[in-house]
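Take a look at the structure set out below.
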Amino acid sequence: MGSELGELFRITTFGESHGPGLGVVVDGCPPRLPVDEARIQAALDRRRPGQSRLVSQRKEGDRVEILSGVEDGVTLGTPIAMLVRNEDARGKDYDDIARAYRPSHADFTYDAKYGIRAVAGGGRASARETIGRVAAGAIAEQLLARWGVELVAWVDEVAGIAAAVDGDAVTRAAVDANDIRCPDPAVAAAMIERVEAARKDGDSVGGVVRAVARGVPAGWGEPVFDKLEADLARAMMSIPAVKGVENGSGFAGTRLTGSQHNDPFYRRADGRIGTRTNHSGGIQGGISNGEPITLRIAFKPTATIMRPQDTVDRDGNATVLAPRGRHDPCVLPRAVPIVEAMLALVLADHALRHAARQLF
Ligand SMILES: Cc1cc2nc3c(=O)[nH]c(=O)nc-3n(C[C@H](O)[C@H](O)[C@H](O)COP(=O)(O)O)c2cc1C
């Protein structure tokens, strides 16, 4: 239960961190869509561990195998199954946590729910689960390109160090120009220094990813419970370590008055109706208004740190958890492609849902 997302563009992810492999089944992707497998692999490469000193040193190639639903680079309209085999699973690193609960990880709650769990690497609670989302998201993104939709996410804040990035102009090339994935070079350098300091100190830091979807036409989203920002918030909150989501002006908007906050309408040069400001973050009444969709997503500091931590074992006895394993001192750089994938999956689903209602 709980491993599915979407109504018409529907995904089911599967797999554990240290099992034989992980992946996804995508159902509902329209037939005859050309799919570039290299773009799926490129998305997975941006998510992979071991990309730089700033992330987990687990050595995984994360090579995707498409098992069904695509032939000669074109979708068949049948379920698309994609698999990535685990290569560098080291279950021994997790002998300790079989008994002791990692503070602020999912060990205690999985035990409370199931009474059994895949101990190594956190099982389904591992960020390796997001491999399936990223692979599916890369297909969703290729579908969205049919409407001219363009998605970019970037690291906007690390441990309170904030960037100044123009969301209307930012490109993926600028995001990928440095290891932290912040397209503001001076601030990126300060962020990298901060993550390095945390890593050397056996500690971890959190931060904020910002994302924008440009070119989304007006009309996507389904009131009432499936409002576009509600589905986006749900999708983003499902990413491991996410603790908050903002759309548009978010919490900062609460400090403005209505006259400051309202987005005035005007007729654009191309004849379409636009808004002069975008405090609404591209969504009003749960439906896209044609302006860029903007989001901020808060990630907590990585739970597993390289320091001894006080905790308890399964029986409630006090114990000290020794630092072991390979972990991300900051999950933010690897979270960027995951955020883009979740954005693509929700938008692709709503694109199809809107199209299904445009018969007359
Ligand atoms: C890209 C990415 C990498 C992560 N790497 C780690 C890690 O190395 N160690 C860890 O303890 N948590 C890591 N996490 C977070 C855990 O998976 C998450 O905190 C855990 O499942 C508990 O869920 P919650 O934080 O959402 O409550 C990572 C998350 C993401 C998005």
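Values below: every heavy atom of this structure, side chains too, minus hydrogens, waters and symmetry copies. Please read all numbers here as calculations on a predicted model, not as lab measurements. First listed ligand is number 1; within each ligand, the first listed atom is number 1.
Applying the ring pair (Phe, Tyr, Trp, His ring centres under 6.0 Å) rule to Tyr114 yields the partners Tyr110; only residues at least two apart in sequence or on another chain are considered. Every residue two or more places apart in sequence or in another chain that forms a side-chain contact (heavy atoms from CB on, under 4.5 Å) with Arg307 is listed here: Asp201, Asp203, Ile305.
Remark: Arg128 CZ to Arg47 CZ distance equals 5.5 Å, nearest 0.5 Å.
Of the N and O atoms on the side chains of Ser56 and Asp328, not one donor lies less than 3.5 Å from an acceptor on the other residue. Ser280 and Asp263 form a side-chain donor-acceptor contact under 3.5 Å, judged by distance and modelled atom types alone.
For residues 243-252, every residue pair satisfying the salt bridge (charged side-chain N to carboxylate O under 4.0 Å, His left out) rule, not counting sequence neighbours, is listed here: Glu246-Arg296.
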Could you go through ligand 1 and list every pair where one of its N or O atoms sits under 3.5 Å from a protein N or O, giving the atom names and the distance to one decimal?
from     : atom 1 : to     : atom 2 : distance (Å)
ligand 1 : 5 (N)  : Asp328 : OD2    : 2.8
ligand 1 : 8 (O)  : His327 : ND1    : 3.2
ligand 1 : 8 (O)  : Asp328 : N      : 2.9
ligand 1 : 8 (O)  : Asp328 : OD2    : 3.3
ligand 1 : 9 (N)  : His327 : ND1    : 2.9
ligand 1 : 11 (O) : His105 : NE2    : 3.3
ligand 1 : 11 (O) : Thr304 : N      : 3.1
ligand 1 : 11 (O) : Thr304 : OG1    : 2.5
ligand 1 : 17 (O) : Ala125 : O      : 2.9
ligand 1 : 21 (O) : Ala125 : O      : 2.7
ligand 1 : 25 (O) : Ala241 : N      : 3.4
ligand 1 : 25 (O) : Lys300 : NZ     : 2.6
ligand 1 : 26 (O) : Ala241 : N      : 3.0
ligand 1 : 27 (O) : Lys243 : NZ     : 3.4

